Amino acid sequence: MEKTIALDPGNPFDLDATLGCGQAFRWEKQNGVWRGVAGGRAIAIRQDGNLLSFTGADEAFVRRYFALDIDLRAILSSVDRDPRIHEAIGRCPGLRILRQEPFETLISYICATNTNIPAIKRRIAIMAERYGRRLGGGASAFPDAPSLAPCSEDDLRGCVLGYRAPYACAAAAMCARDAGWAERIAALPYAEAKRALLGFPGVGPKAADCILLFAFEKYEAFPVDVHIRRMMHRHYLPALPDGKPMTGREYDLIAGFAREHFGRYAGWAQEYLFCVRDGG
DNA sequence: GTCCAGGACGTGG
DNA sequence: CCACGTCATGGA
C-alpha cells in the first residue's frame with residue numbers, strides 16, 4: 001500500500017520547499033502529510049529525512065514528477081554566482097522544480113495573473129471539482145482540454161476566474177482542437193516555444209515563462225513577477241528606474257541579465273529567489 | 001475604505 | 001515602440 005523511496009543523500013530533496021514555494025497549486029499539508037493531485041493521481045506523501053513515503057502513485061511517477069533524477073547539486077553550483085543567490089540556496093535546500101502537466105499549467109498560470117496564490121488555488125480547486133474526473137476521497141483531477149473546452153465564459157466566471165474567464169475558455173478550446181500542441185512546443189527551443197505560448201489568450205511574457213519552466217523543462221525561462229522584479233532592482237540592477245508598470249523592454253532586460261548572470265539554469269535560480277521573496 | 005497580488009490586453013499617442 | 005486605463009477577486 002504505502003510505498004517508499006530512499007533518497008540519495010548526495011542528491012538533496014526537500015518536500016516542503018518544493019511543494020510550498022508556489023509553483024504548484026494543488027497541494028496542502030496537514031499533520032505533516034502533503035495531499036494533492038498530480039497527473040490524475042490523488043497522492044499523499046511525506047518526508048522523514050532521506051525517506052519518502054507515499055500512496056496514490058507508483059515510484060516511477062513520483063521520481064519523475066518531483067524530478068528526483070536531476071542532479072541538483074550540479075545545477076545549484078552552476079547558478080551559485082553571487083552572495084544573494086548563495087544565501088537563497090542555503091535557505092531552501094532541496095527545492096526542486098516539478099514536472100507538471102502542460103494543459104493544467106497553461107490554465108493555472110492564465111488564472112494566476114494579477115492575483116495572489118490562495119485565490120489561484122481556489123480557482124483551480126473549483127475547476128477540478130466541477131469539470132475534472134473524480135478520483136475518490138473527495139479529490140478530482142484537473143480537467144483535460146476536452147473536458148474544459150465546452151465550458152462557457154460564465155461557467156468559468158463561476159469558478160471565480162473573473163476577467164480571466166474568456167482567456168481560459170479560449171485557451172482550452174484551442175488545446176482541445178489541437179491535441180498535439182504540447183508535444184510541438186516541447187520540441188522547440190526556448191525562444192520559439194515562448195513565442196508559441198504567447199499565442200494563447202491571457203498568456204503574456206511572465207505566464208509563458210512560468211509554463212515553460214514548470215511544464216516544459218525550459219530551464220532558461222526566468223519569470224519576472226512583481227517580487228522578482230523588486231529583488232532584481234534591489235540587488236542586481238539598481239540602475240533601473242523603479243517606475244510602476246513594467247514594460248516588455250524591461251522584462252526582457254531583467255530576464256536577459258538573469259540568463260547571462262546565472263547561466264542556462266537561470267529558471268532554477270529564479271525559484272530559489274522567489275522562495276525567499278519576503279526577507280532580505 | 002485602500003492597497004496589493006506570480007499581469008495581460010486594447011487603445012491612443 | 002511606450003503610456004495609460006481596465007479587467008474581478010480576496011486578503012491584509
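Please read all numbers here as calculations on a predicted model, not as lab measurements. Every chain is numbered from 1 and lettered A, B, ... according to where its sequence line falls, protein lines coming before strand lines. No hydrogens, no waters, no symmetry mates; every other heavy atom, side chains included, goes into these values.
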A/Tyr190-A/Asp209 side chain donor-acceptor pair, cut-off 3.5 Å
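Side chains of A/Tyr190 and A/Asp209: pair found under 3.5 Å.
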
Cut-off 3.5 Å, side chains only: do A/Asp82 and A/His261 have a donor facing an acceptor?
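Short answer, yes.
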
Rounded to whole Å, how long is the line connecting atom [atom1] of [X] with atom [atom2] of [N]?
{"X": "A/Met232", "N": "B/dG6", "atom1": "CE", "atom2": "P", "answer": "18 Å"}
{"X": "A/Asn114", "N": "B/dC4", "atom1": "CG", "atom2": "P", "answer": "12 Å"}
{"X": "A/Asn116", "N": "C/dA8", "atom1": "CG", "atom2": "C1'", "answer": "12 Å"}
{"X": "A/Arg123", "N": "C/dG11", "atom1": "CZ", "atom2": "P", "answer": "11 Å"}

Suppose you measure atom C1' in C/dG10 against the same atom in B/dG1; what distance do you get, rounded to whole Å?
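Approximately 15 Å lies between the C1' atom of C/dG10 and that of B/dG1.
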
Side chain of A/Arg249 only, heavy atoms from C-beta on: which candidate in B/dG6, C/dC1, B/dA5 is closest?
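Given the options B/dG6, C/dC1, B/dA5, the side chain of A/Arg249 is closest to C/dC1.
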
As a test of reading the structure: which of B/dG6, B/dA8, C/dG10 is closest to the side chain of A/Pro205, going by heavy atoms?
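Closest of the options to the side chain of A/Pro205: B/dA8.
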
Can you label the angle between the A/Trp181 ring and the A/Phe216 ring as parallel, tilted or perpendicular, going by 30° and 60°?
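If you compare the ring of A/Trp181 with that of A/Phe216, the planes turn out perpendicular.
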
Under the ring-ring contact (aromatic ring centres under 6.0 Å, His included) test, residues paired with A/Phe66 that sit two or more places apart
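With neighbours one apart ignored, the set is A/Phe13.
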
Could you check which nucleotide pairs with B/dG1 in any of the strands shown, counting Watson-Crick or G-U wobble with both distances under 3.5 Å?
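The answer is none; no pair meets the criterion.
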
Evaluation steps, side-chain hydrogen bond (donor to acceptor under 3.5 Å, both in side chains), between A/Asp80 and A/Ser77:
CA-CA 5 Å; A/Asp80 189 1; A/Ser77 74; over 6 Å; no

Is there a side-chain polar atom (N or O) of A/Arg229 under 4.0 Å from OP1 or OP2 of B/dG7?
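A/Arg229 to B/dG7 OP1/OP2: no side-chain N or O under 4.0 Å.
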
Mind checking A/Tyr167 for me? I need base, sugar-phosphate or nothing, with any heavy atom below 4.0 Å counting as a touch.
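It contacts sugar-phosphate atoms only.
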
At under 4.0 Å between heavy atoms, what does A/Thr247 touch on the DNA or RNA strands: base, sugar-phosphate, or nothing?
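Sugar-phosphate contact only - A/Thr247 comes under 4.0 Å of backbone atoms but never of a base.
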
Base of B/dG7 paired with side chain of A/Tyr163 (donor-acceptor, under 3.5 Å)
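Check passes, donor-acceptor contact within cut-off.
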
Contact residues, residues 17-30 of chain A to DNA chain C [heavy atom, < 4.0 Å]:
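Under 4.0 Å from DNA chain C: no residue of residues 17-30 of chain A.
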
